[in-house]
Trainee: 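I have a structure here, written as structure tokens, and I will follow up with some questions on it.
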Amino acid sequence: MCGIVGYIGAREASDILVTGLKRLEYRGYDSAGIAVLNGSVKVRKKEGKVSELETVLNGQPVDGSVGMGHTRWATHGVPNDVNAHPHTADNGRFAIIHNGIIENYAVLKKQLAEKGYTFTSDTDTEVLAHFIDDVQKEANLSFAEAVRQALTQVDGAYGLVAVSQDEPDMLVVARNGSPLLLGIGEGEHFIGSDASPFIEYTRNVVYLNDGEMAVVRRNSYEVFKIDGAPVAKEVHALEWDLEEIEKGGYEHFMLKEIMEQPEVLENAMRGRVRLDDNQIRLGGLADVMPQLVNAERIIICACGTSWHAALVGEYLIEKHTRIPVEVEYASEFRYRDPILKDGDVVLVISQSGETADTLAAVRQAQQAGILTLGVVNTVGSTIARETDAGVYLHAGPEIGVASTKAFTAQVVVLTMIALAIGKERGTIDEGTLHTFLQGLTAIPDQIRSVLAQSEQIKELSHDYKTADNFLYLGRGCNFPVALEGALKLKEISYIHAEGYPAAEMKHGPIALIDRFMPVVVIAMKDAIYDKVVSGIEEVAAREGAVIAITEEGNDELDDLCKVVLHVPRSLECLEPLLTVIPLQLLSYYVAVLRDCNVDQPRNLAKSVTVE
Ligand code: F6R
């Protein structure tokens with residue numbers, strides 16, 4: 001989720017680029033950089049916020065009216081000055097900036113190294129820059145044609161801008177899976193990941209589609225497909241203001257993050273879930289796979305929403321690998337002198353990668369000589385650096401304090417880990433693995449169909465905005481979803497809520513039920529469905545208002561429940577990825593109706609770096 005800005009015209013490019021990058025910082029910022037053409041390509045880049053880059057530019061300004069800028073949210077290599085974009089090739093003859101992931105970068109890097117190319121950074125983007133150079137020189141191509149031909153050989157996602165000192169009056173732009181649009185001005189053109197960098201100069205935009213490129217000059221632009229065929233584009237007039245653009249047109253970051261989950265999960269699986277050869281490829285675990293396959297116990301430590309994902313992970317890993325799993329609150333693990341022995345593996349889950357308790361669990365395990373793994377979103381974060389190995393979520397920055405897309409991405413990554421270990425251990429057969437890979441691949445579209453019910457959920461949230469308490473019930477791998485639904489509601493709407501395993505209700509919480517108590521029950525038609533329905537009957541008998549989440553086509557609950565929401569049918573262990581979506585939406589809309597500060601709830605911080 002990096003940010004891209006580009007400019008070609010008569011104004012001073014670096015001013016426009018730096019202002020644009022500041023506006024794109026909401027997409028993630030571990031480093032930033034610009035390249036401006038002025039006879040040669042001048043690059044300035046710096047780890048940290050855009051303000052750090054500004055300090056560099058104050059000392060070493062760059063003049064010129066053609067340039068591009070990038071805020072990075074790392075996917076390959078730690079955040080530092082060297083890995084920051086732009087990346088140059090051929091002694092700085094040209095530079096590129098890139099959002100996304102080049103999946104076949106390792107193969108390309110090997111081929112280029114054999115030809116004598118050397119690499120200064122750990123990024124896939126630098127590999128792409130050298131590859132463009134190689135393609136250009138091999139066939140003596142124009143710069144734009146070299147970019148085009150190189151991209152035909154690249155697998156993965158990109159939003160890309162390139163400038164070359166040989167053809168200084170143009171920017172080359174390409175998009176596949178990472179948003180890019182052109183801002184159309186008078187004698188000048190702009191490029192952005194969204195329109196925020198140039199909204200004060202023009203509201204006329206051209207959206208590039210996946211698989212399209214553009215050559216952009218001061219007075220013209222041509223759009224064509226990566227295969228070379230020209231494309232006629234329509235110019236759209238923007239009506240959004242700056243704040244709306246940063247939030248993708250949504251009222252809050254939380255809603256944007258809920259809505260972007262299909263794409264987030266596609267990113268998390270990209271290049272990893274391989275249906276064609278029935279494989280899971282998790283490069284970050286390759287070196288430790290022998291230890292994982294022989295693990296005698298896996299202890300998962302996390303906090304909050306990540307702890308709920310860990311509980312789903314326990315079901316998944318035990319089911320597919322038959323390795324015993326224990327889930328611990330990281331905050332408890334660190335203080336209770338845990339028994340750790342040879343054959344144990346400690347896996348931590350953290351969106352931010354900076355949670356103090358989770359980090360302490362990593363350090364404690366390492367002191368005991370135990371292998372540590374991280375499932376982390378923020379590349380280069382402390383937990384990502386200190387764990388021995390791990391798998392990134394690639395979910396992009398999560399800005400809303402209440403975690404949503406990180407939860408589903410964590411569950412997807414844990415599923416992939418469970419399947420990968422199971423395959424190596426021989427505890428999952430090829431047919432079952434294939435069924436799970438198909439199930440995973442179907443999830444993004446299934447989530448889209450649940451998100452399509454958001455208006456209905458918004459409507460029904462009016463009935464609950466004055467509730468004082470909520471109960472959430474689920475069983476099996478939907479029990480952690482009940483916990484997560486309750487946590488989402490409490491943290492953003494300040495309504496008290498409890499999550500319980502459905503069968504535990506009769507051991508206590510049933511005493512709370514009366515007509516004022518909304519009870520959310522996840523009732524998927526699995527092996528224990530009948531028992532969950534008995535629980536619903538008990539609630540209904542006490543006039544509790546049941547909101548049931550069940551699967552499409554099930555109308556058996558209609559008479560028993562006040563509201564029935566449907567999600568598509570999936571494999572049992574993948575259900576949390578679907579059943580959590582209506583709960584996220586319900587808490588969001590209830591909080592909005594209660595006029596709460598959804599993105600920054602009181603007393604909460606996005607990253608809890610203190611005890
Ligand atoms: C809940 C929430 C928190 C975090 C918890 C762990 O919506 O965001 O409960 O899940 O603070 O944070 P990370 O995953 O960054 O370690």
Side-chain angles (χ1 to χ4, degrees), residues 1-38 41-46 48-54 56-57 61-73 84-88 94-100 125 158-164 170-175 178-185 188-208 213-218 221 238 240-248 396-397:
M1 288 281 289
C2 318
I4 278 182
V5 52
Y7 177 73
I8 181 162
R11 303 173 205 259
E12 205 48 67
S14 69
D15 297 343
I16 292 170
L17 300 178
V18 169
T19 309
L21 290 180
K22 283 188 178 161
R23 294 191 188 150
L24 290 169
E25 271 190 321
Y26 75 92
R27 301 170 69 88
Y29 49 86
D30 55 45
S31 50
I34 64 169
V36 174
L37 269 176
N38 188 351
V41 180
K42 309 272 188 324
V43 172
R44 305 283 184 267
K45 51 186 187 174
K46 190 71 192 154
K49 290 190 158 203
V50 177
S51 53
E52 312 279 341
L53 172 68
E54 250 184 324
V56 173
L57 281 164
V62 280
D63 301 330
S65 56
V66 181
M68 61 191 191
H70 186 266
T71 48
R72 179 167 188 250
W73 171 265
H85 298 212
H87 288 280
T88 57
F94 71 87
I96 67 171
I97 54 177
H98 161 229
N99 288 350
T125 306
Y158 47 80
L160 177 134
V161 188
V163 287
S164 168
M170 68 174 191
L171 293 165
V172 181
V173 186
R175 167 186 169 149
S178 210
L180 268 187
L181 66 167
L182 311 182
I184 311 300
E188 60 184 354
H189 287 116
F190 304 81
I191 293 150
S193 301
D194 58 43
S196 61
F198 55 76
I199 191 76
E200 69 267 51
Y201 302 107
T202 179
R203 286 175 176 261
N204 293 330
V205 299
V206 167
Y207 294 99
L208 292 187
M213 287 185 64
V215 171
V216 182
R217 301 175 198 276
R218 285 181 176 81
Y221 61 92
L238 278 183
W240 291 356
D241 65 21
L242 188 56
E243 205 195 339
E244 282 174 314
I245 291 167
E246 287 173 342
K247 291 180 184 152

Trainee: For the atom pair CD1 (Ile16) and CD1 (Ile8), what is the distance rounded to the nearest 0.5 Å?
Mentor: 11.5 Å
Trainee: Lys46: which residues meet the salt bridge (charged side-chain N to carboxylate O under 4.0 Å, His left out) condition with it, sequence neighbours left out?
Mentor: Asp81
Trainee: Which heavy atom of Leu238 sits nearest a heavy atom of Ala195, and at what distance?
Mentor: CD1-CB, 3.2 Å
Trainee: Only counting residues at least two apart or in another chain, list the ones meeting side chain to side chain contact (heavy atoms under 4.5 Å, CB included) with Lys247.
Mentor: Glu243, Phe253, Asp599
Trainee: What distance do Asp30 atom CG and Glu25 atom CD have between them, rounded to the nearest 0.5 Å?
Mentor: 11.0 Å
Trainee: Arg218: what forms a side-chain hydrogen bond (donor to acceptor under 3.5 Å, both in side chains) with it, not counting sequence neighbours?
Mentor: Ser65, Asp169
Trainee: How close do Ala32 and Leu21 get, counting heavy atoms only, and between which atoms?
Mentor: CB-CD1, 4.5 Å
Trainee: Looking at Val41 and Ala35, what are the two nearest heavy atoms and their distance?
Mentor: CG1-CB, 4.0 Å
Trainee: Could you pull out all residues at least two apart from Ala214 that satisfy side chain to side chain contact (heavy atoms under 4.5 Å, CB included)?
Mentor: Val173, Leu182, Leu208, Val216, Val223
Trainee: How long is the straight-line distance from CD1 of Ile96 back to CG of Leu160, given to the nearest 0.5 Å?
Mentor: 5.0 Å
Trainee: With Arg175, which residues qualify under side-chain hydrogen bond (donor to acceptor under 3.5 Å, both in side chains), at least two apart?
Mentor: Asp210
Trainee: Looking at every non-hydrogen atom in both residues, tell me the closest pair between Pro197 and Val5 and how far apart they are.
Mentor: CB-CG2, 3.6 Å
Trainee: Does anything in residues 8-19 pair up under salt bridge (Lys or Arg N to Asp or Glu O under 4.0 Å), and if so which pairs, sequence neighbours excluded?
Mentor: Arg11-Glu188
Trainee: Using 0.5 Å steps for rounding, measure from the OG1 atom of Thr71 to the CD1 atom of Ile34.
Mentor: 13.0 Å
Trainee: Among His85, Arg72, His70, which residue meets the side chain to side chain donor-acceptor pair (under 3.5 Å) test with Asn99?
Mentor: His70
Trainee: Quick check for you: to the nearest 0.5 Å, what is the distance between Met170 atom CE and His189 atom NE2?
Mentor: 15.0 Å
Trainee: Apply side-chain contact (heavy atoms from CB on, under 4.5 Å) to residues Met68 and Ile4 and explain how you reach the verdict.
Mentor: CA-CA 7 Å; Met68 61 191 191; Ile4 278 182; over 6 Å; no
Trainee: With sequence neighbours left out, write down each residue that passes ring-ring contact (aromatic ring centres under 6.0 Å, His included) with Tyr158, or none if nothing qualifies.
Mentor: none
Trainee: Are any side-chain N or O atoms of Asn38 and backbone N or O atoms of Asp63, one a donor and one an acceptor, separated by less than 3.5 Å?
Mentor: yes
Trainee: Give me the atom names and distance for the closest heavy-atom approach of Tyr221 to Ile184.
Mentor: CE2-CD1, 3.5 Å
Trainee: With sequence neighbours excluded, tell me which residues meet side chain to side chain contact (heavy atoms under 4.5 Å, CB included) with Thr202.
Mentor: Phe190, Phe198, Asn204
Trainee: How would you list, by chain and number, every residue that makes a ring-ring contact (aromatic ring centres under 6.0 Å, His included) with His98, sequence neighbours excluded?
Mentor: none
Trainee: List for me each residue that meets side chain to side chain contact (heavy atoms under 4.5 Å, CB included) alongside Thr88, sequence neighbours excluded, and say none if there are none.
Mentor: Val43, Ala95
Trainee: State which residues pass salt bridge (charged side-chain N to carboxylate O under 4.0 Å, His left out) with Lys42; sequence neighbours excluded, sorted by chain then number.
Mentor: none
Trainee: Please enumerate all residues that pass side-chain hydrogen bond (donor to acceptor under 3.5 Å, both in side chains) together with Ser196, with sequence neighbours excluded.
Mentor: Asp194
Trainee: Enter the distance from Ile97:CD1 to Leu17:CG here, rounded to the nearest 0.5 Å.
Mentor: 8.5 Å
